[in-house]
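Let me begin by presenting the structure, written as structure tokens, before commenting on it.
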Amino acid sequence: MPKNNFDYKAARVELDELLTWFEGGDVAVDEAIAKYQRAEVLVRELESYLSETHAKIELLTKKAQKGE
Amino acid sequence: MEELVFSPSDFVAITNQTLEFAYGGIARIEGELAYFRVSKNKWVYFDIKDEFAKVSCFGSVYMLPSPLEDGMMVKITGQPRLHPQFGFSVTVQSIQSSGEGSIKKAFDLLKTKLTAEGLFDDARKRRLPYPPQRIALVTSVESAAYADFMKILSARWPFVKIDMYDVQVQGEPAPEQLAAAISDASQQGNPADIVVVTRGGGSADDLAAFNDERVVRAIAASRIPTLVAIGHEIDESLSELAADMRASTPSNAAELIAPDRLTELASIRQSGKRLQAAAIHLVANEVQAIHHQQSLIAARLLHAVDRAAQDIHAIKSLVAAYNPKTILGRGYALIHKNGSLVRSATAVAVGDILDIQVQDGVVNAQVTGTRKANKEDMYA
């Protein structure tokens, strides 16, 4: 689960940069492992953030429809 | 006894004194109109006659109640006088049609004349201020019409100020008084909002003043809107035709000019309720519209979030492809010497101990020889 002050945009930019690095071809293997692990963390955090946001929006919509 | 002999002048003077004494100054004569003529639009001359006699009469056009024609029955009031030059005549002070046929004839003649002048045109009719704040009321304060009008008006709308013009509404002085009162009311510096002229019902004679040309013209000339209410239901009087509005009775006049305050109060309350209901409906509609907009925003937001999630899912597969372990799974290996990655055959020498990392573990090996890569190595 991402932290409360999770910065979606920054995480997304960082993930894009990692992908660009991987796609560059001149990849140092030991560096690749660390970057890969970071990419995995970012993907998990982004997925979790989006899933929570989806649930939050649905909850708010239901409340609004009930007139709360 | 000495015989009295007068000079013509004395005879005229004595005769006029005698006539004055005999008639008390004023004589009333009723008869048929004959030789009626108007001179210079100012003077009228006619005879009033019956089967056996005729009397010459003279007067001003301003006292005519309506157009007159020979053969009509009229009742005149005037001063019998022997003129030093022109002989005997009655100087007429007032003249009225009399007898049903003549009254009707006078009415028709005046109606035709004033219709031609446009006095009764609908286009002249003005809207009465509703409700008025001040009314000029022209009637007799002793009449039932006054009592009825005031009773109904005070019950319905007691907020109106009344400028009272107490006049005679029938009889000889009535036309002049009515006309003067209507003109006065309309020509005030600060006039009332409307002028109401009213009286109760009566015989054709009683109502004659309301068909008098002077009264009808005063109503038509009024600078403020007029309402005429005469308590009769049959033929309209010419005053009513000239008025901006007519009412059937004095009570009806009071009903027409002002609303009933109780009805008005109920109507205001009803309007208040309707306004409240409208406001509630408006707010409910607005809430519904906001909810609808909120749903649209939420749907768009969800769509954006889901698209972003799909993107991340796609990136996840891409990231997985870059997993170094996946690469090792394909048969590649990482060679370390003393913890450092070996990138070249020249970095090792015979006898060096190497750690070879494969997918599922590490192989320890010793270098037995090195050489440069050739084409076969690349595609082996």
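In what follows, chains are A, B, ... by sequence order, proteins preceding strands, each numbered from 1.
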Name, in order of residue number, those residues of residues 253-263 of chain B that have a heavy atom at a distance of less than 4.5 Å from a heavy atom in chain A; otherwise write 'none'. none

Quick one: which residues of residues 127-135 of chain B reach chain A at under 4.5 angstrom, heavy atoms only? none

Under-4.0 Å salt bridge between Glu40(A) and Lys316(B): no

Is the centre of the Tyr49(A) ring less than 6.0 Å from the centre of the Tyr8(A) ring? yes

Using atom types as modelled, flag every donor-acceptor pair under 3.5 Å from a side chain in residues 298-309 of chain B to any protein atom, sequence neighbours excluded.
from	atom 1	to	atom 2	distance (Å)
Asp306(B)	OD1	His54(A)	ND1	2.7

For chain A, which candidate among Ile297(B), Ile312(B), Leu334(B) shows the most heavy-atom pairs at distances under 4.5 Å? Ile312(B)

If only atom types and distance count, is the side chain of [X] paired as donor or acceptor with the main-chain N or O of [Y] below 3.5 Å?
{"X": "Gln366(B)", "Y": "Gly351(B)", "value": "yes"}
{"X": "Asp7(A)", "Y": "Lys9(A)", "value": "yes"}
{"X": "Thr61(A)", "Y": "Ile57(A)", "value": "yes"}

Which atom names give the shortest non-hydrogen contact between Ala145(B) and Thr198(B), and what distance separates them? CB-OG1, 4.3 Å

With side-chain hydrogen bond (donor to acceptor under 3.5 Å, both in side chains) as the test, would you mind laying out the steps for Ser251(B) and Thr249(B) before giving the verdict? CA-CA 5 Å; Ser251(B) 305; Thr249(B) 60; 4.5 Å; no

With salt bridge (Lys or Arg N to Asp or Glu O under 4.0 Å) as the test, would you mind laying out the steps for Asp244(B) and Arg126(B) before giving the verdict? CA-CA 6 Å; Asp244(B) 293 305; Arg126(B) 294 164 291 189; 2.9 Å; yes

Contacting moiety of Leu42(A), where chain B heavy atoms sit under 4.5 Å: neither

With sequence neighbours left out, which residue pairs that include part of residues 346-368 of chain B fulfil the salt bridge (charged side-chain N to carboxylate O under 4.0 Å, His left out) condition? Lys337(B)-Asp352(B)

